[in-house]
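Got a structure here, written out as structure tokens. Questions coming.
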Amino acid sequence: MTDTPTASAVVVAPAPARVTWHGVASLVVSALTFLVTLFTIVFYGGQLTRQVGDNERRTTQLEQRADRADSETRDLGKIVARVDAKLDLLLARSPARD
């Protein structure tokens, strides 16, 4: 018995595959799709961040306006209480009319 290869034992390697334009076009389209998707995510992420900043600024302004309105209401309440007290004093000093 000898170790010589027989005709059925010889395997012929296939020729290396050539890159076709279909493969390249598929790769280019996939890369463009990925880039567009990435750009869209970044763009809308930036839009969302800007919108959150705008909403935060508006909320702060509304809170400041509400605080000013509360302080004005308290001041008006104090003024009304003073006027009421003065009226009570004036009524108490005035002679009783029958």
Side-chain angles (χ1 to χ4, degrees):
M1 210 167 210
T2 61
D3 286 334
T4 58
T6 60
S8 62
V10 175
V11 177
V12 178
R18 293 185 59 208
V19 178
T20 63
W21 69 273
H22 294 290
V24 172
S26 174
L27 182 65
V28 168
V29 169
S30 296
L32 286 176
T33 303
F34 174 74
L35 289 175
V36 167
T37 303
L38 185 64
F39 173 77
T40 303
I41 290 171
V42 169
F43 177 74
Y44 283 112
Q47 292 290 327
L48 183 62
T49 301
R50 184 182 56 82
Q51 192 174 25
V52 167
D54 287 346
N55 289 342
E56 181 181 3
R57 181 184 51 82
R58 289 178 183 166
T59 302
T60 303
Q61 288 176 347
L62 287 172
E63 288 173 349
Q64 290 172 351
R65 188 181 305 162
D67 290 343
R68 281 194 308 266
D70 286 345
S71 66
E72 290 172 0
T73 303
R74 281 192 301 271
D75 292 344
L76 286 175
K78 290 176 185 177
I79 291 170
V80 169
R82 276 187 254 147
V83 169
D84 190 35
K86 288 177 184 176
L87 283 174
D88 288 342
L89 285 174
L90 286 174
L91 287 174
R93 287 184 189 171
S94 67
R97 294 186 186 192
D98 290 337

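What you see is a predicted model; the values in this text were computed from it and never measured.
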### Query
By salt bridge (charged side-chain N to carboxylate O under 4.0 Å, His left out), which residues pair with D88, not counting sequence neighbours?
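Partners of D88 by the salt bridge (charged side-chain N to carboxylate O under 4.0 Å, His left out) criterion come out as none, since no residue qualifies.
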### Query
More than 12 heavy atoms of other residues, nucleotides or ligands under 6.0 Å from CZ of R93: is that the case?
no
### Message
I'd like to check the side-chain contact (heavy atoms from CB on, under 4.5 Å) partners of R68; sequence neighbours left out, ordered by chain and number.
### Response
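Per chain and number, R68 pairs via side-chain contact (heavy atoms from CB on, under 4.5 Å) with Q64, R65.
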### Message
Quick check on Q47: does its CD atom have over 12 non-hydrogen neighbours (other residues, nucleotides or ligands) under 6.0 Å away?
### Response
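Yes, the 6.0 Å shell around CD holds more than 12 heavy atoms from other groups.
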### Query
Taking only residues two or more places apart in sequence, or in another chain, which ones meet R50 in a salt bridge (charged side-chain N to carboxylate O under 4.0 Å, His left out)?
D54
Pair up each side-chain donor or acceptor in residues 74-81 with any protein partner under 3.5 Å, not counting sequence neighbours, and list the distances.
none

### Query
Of all residues at least two apart in sequence or in a different chain, which pass the side-chain contact (heavy atoms from CB on, under 4.5 Å) check with N55?
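Once residues adjacent in sequence are excluded, the partners of N55 under the side-chain contact (heavy atoms from CB on, under 4.5 Å) criterion are Q51, R58.
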### Message
Going by the rule side-chain contact (heavy atoms from CB on, under 4.5 Å), which residues pair with E72 if we only count those two or more places apart in sequence or in a different chain?
### Response
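Counting only residues at least two positions away or on another chain, E72 forms no side-chain contact (heavy atoms from CB on, under 4.5 Å).
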### Message
For R18, give me all partners under side-chain contact (heavy atoms from CB on, under 4.5 Å), at least two apart in sequence or on another chain.
### Response
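Expected list: none.
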Taking distance alone, no hydrogens or angles, what donor-acceptor pairs closer than 3.5 Å link side-chain atoms of residues 20-40 to residues at least two apart or in another chain?
unit_1: T20; atom_1: OG1; unit_2: G23; atom_2: N; d: 3.4
unit_1: S30; atom_1: OG; unit_2: S26; atom_2: O; d: 2.9
unit_1: T33; atom_1: OG1; unit_2: V29; atom_2: O; d: 2.8
unit_1: T37; atom_1: OG1; unit_2: T33; atom_2: O; d: 2.8
unit_1: T40; atom_1: OG1; unit_2: V36; atom_2: O; d: 2.8

